[in-house]
Amino acid sequence: MRIEVDRELCCGSGMCVLTDPETFDQSEEDGVVQVLRTQPSAERQAVVRSAVSGCPTSAIRLVE
Amino acid sequence: MTTTEPPLTEAAPGPAQTCPVMHGTQPAAAGRDLLNYPFSGAVPLDPPVEWEQVREQCPVVAVRLPSGDEAHLVTRYEEARALLADPRFTRQIPVNAESRIGASEDGGVFSRQATSGLKIFEGEGHLRWRRLMAKAFTIKRVESMRPRIQALADELVDKMVAAGPRADIARDIGAILPVRVIGDLLGVPTEDLHRFATWSDAILTLTRHSKAEVDAARQDFGIYLAKLIEAKRAEPGDDLLSELINITDSEDGRLDMVELIVTAMAILVAGHETTANMIGKMTAMLLADRSRFETVVADPSIVPSAVDEVLRFDTNPSIGVPRYVSEDIAVGGAEIGAGSTVIVSPAIANRDPRRFPEPERMDLRRTNNQHLSFGAGPHFCLGQPLARAELQVVLGTLARRLPTLRLAIDRRELRVKQGLIVVGFEEVPVEW
Ligand code: HEM
């Protein structure tokens, strides 16, 4: 599983950072999402999925 | 532990409605017997019976606004979320649109021309603006403000305790904490903050103020901010306004002077009364059934999920999120004609059983609670990390310091502030 983000869609809400700070961070400059680990470990996948569904602009995608 | 909202009212049937999806009719027929919107719950803290009726009837329902005009009300979660993310639905409603929302001559705050034509409100220009603003609202930045918010909450509770054992949460915390926090963030002197309540009330008016009053408030507010900007230019501080002035003065096209003033105004207005009201509503919702509050007292680690559940559950929400559409678009199978006003109701969508299991139950530990109270899509509330932090700090502090807190009046006696776009209680009297 690989994480892809659409920087244009991202509104910088930080919801993903709240949900999974091990996988996501935000740029200090413009709040845009930064993926710390693009290929999350097996145990991480559930929480990554909830970060994906929790994104208010649907800017995070999982490629299986 | 979870609790169910005990209904105090019998469900009263509303006027017969025809679902344009099911019946293939166009909703915009003048003089029809439409539901008046916003619906008013018969008892404070009970959701209006119409919420479930309209949601189950149809994903899009025609309603009558306070202005007398018609609008399309979006009632279901999936459609609401998709619509808020759809750029064809714009946020600015021209005054010459078919329907106006407020009863004041120019159609109320949503359609005021004062802010139209600015490129920061829509599309590319809006995205650039968000990038400039987001910096001040990242999770880290907001977390760094938490100690200050906590100190403020403790100070306010100290005062309540000294004057107690009775207080009014709306007056003693709601009216003070959010405006102080937003004042700190922007760099507005504390002694000036009392002026914002008056201005923001006028700007957020639905039926309460005349156009002249609203214009006067806008003008005074603008003049005040222009002066503040001058002062900060001479003596910059460590605050958002000083930072934005720098950007404006660099004249690189990212933010001009008018946009700067409108931005400061927007943040002050949006960050103030919404959160102030929510502090009162949160307290009322949790105390109306004290087992809810006791759950938080017993396990303060649930404060974050409790706050989001309270946001989802909001029984006295604002009118909703308006959108304007300039082409014919189908939503949930219904045709929405060019020129229509569409209103997304987060509160109605937040109780959609298609999305939330047992939606009418307040579950303070609810997970996957992606409610729409902060909107969705590109305009998703800029200030939501701050609003969440404020609500979490207030709830945590009340539970820790006043575990015997209870409502000092019957919940049927809670009075809703009338005539404004954002909704809250006049008073939330408590005792401990
Ligand atoms: C409980 C409190 C709050 C609620 C329920 C709330 C709700 C909302 C909603 C529903 C929207 C979307 C409007 C739309 O799509 O047209 C929004 C946008 C916005 N909110 Fe909030 N808000 C709250 C607190 C705050 C705070 C504390 C601030 C500022 C510090 C703030 C600043 C804004 C701004 C600037 C926007 C416009 C964002 C944009 O257009 O990109 N809000 N809010």
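These numbers come from the heavy atoms of this one structure, side chains and all, not from hydrogens, waters or symmetry mates. First the proteins, then the strands, lettered A, B, ... as listed; each starts at 1.
- If you tally non-hydrogen atom pairs under 4.5 Å between each of B/Ala376, B/Gly377, B/Ala134, B/Ala85 and chain A, the highest count goes to B/Gly377.
- For chain B, the option among A/Gly14, A/Cys55, A/Cys10, A/Pro56 with the highest count of heavy-atom pairs below 4.5 Å is A/Pro56.
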Please tabulate, one pair per line, the N or O donor-acceptor pairs under 3.5 Å between chain A and chain B.
residue: A/Arg7; atom: O; partner: B/Arg131; partner atom: NH2; Å: 2.5
residue: A/Cys10; atom: O; partner: B/Arg131; partner atom: NH1; Å: 2.7
residue: A/Cys10; atom: O; partner: B/Arg131; partner atom: NH2; Å: 3.2
residue: A/Cys11; atom: O; partner: B/Arg130; partner atom: NH2; Å: 3.2
residue: A/Ser13; atom: O; partner: B/Gln384; partner atom: NE2; Å: 3.0
residue: A/Asp25; atom: OD1; partner: B/Lys140; partner atom: NZ; Å: 3.3
residue: A/Asp25; atom: OD2; partner: B/Lys140; partner atom: NZ; Å: 3.2
residue: A/Gln26; atom: OE1; partner: B/Ile139; partner atom: N; Å: 3.0
residue: A/Ser53; atom: O; partner: B/Gln370; partner atom: NE2; Å: 3.3
residue: A/Cys55; atom: O; partner: B/Arg81; partner atom: NH2; Å: 3.0
residue: A/Pro56; atom: O; partner: B/Gly377; partner atom: N; Å: 2.7
residue: A/Ser58; atom: OG; partner: B/Arg81; partner atom: NH2; Å: 2.8

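- With a 4.5 Å cut-off on side-chain heavy atoms, B/Leu244 and B/Met133 count as touching.
- When the options A/Val5, A/Val47, A/Leu62 are evaluated for a side chain to side chain contact (heavy atoms under 4.5 Å, CB included) with A/Val52, the one that passes is A/Leu62.
- With values rounded to the nearest 0.5 angstrom, B/Leu382 atom CG is found 6.0 Å from B/Ile267 atom CD1.
- Separation of atoms CD1 (B/Ile302) and CG (B/Leu364) is listed at 5.0 Å; rounding is to 0.5 Å.
- Here CD1 of B/Ile343 is found 4.5 Å from CD1 of B/Ile319. Values are rounded to the nearest 0.5 Å.
- Proximity of B/Val74 to B/Ile348: side-chain heavy atoms (C-beta onward) are nowhere separated by under 4.5 Å.
- In this structure, the side chains of B/Val344 and B/Phe89 stay at 4.5 Å or more apart for every pair of heavy atoms.
- Contacts between B/Leu127 and chain A at a heavy-atom distance below 4.5 Å involve the side chain alone, from C-beta outward.
- Contact count versus chain B (heavy atoms, under 4.5 Å) is highest, among A/Gly31, A/Pro21, A/Gly12, A/Gly54, for A/Gly54.
- With contacts defined as side-chain heavy-atom distances shorter than 4.5 Å, the pair B/Leu391/B/Leu395 does not qualify.
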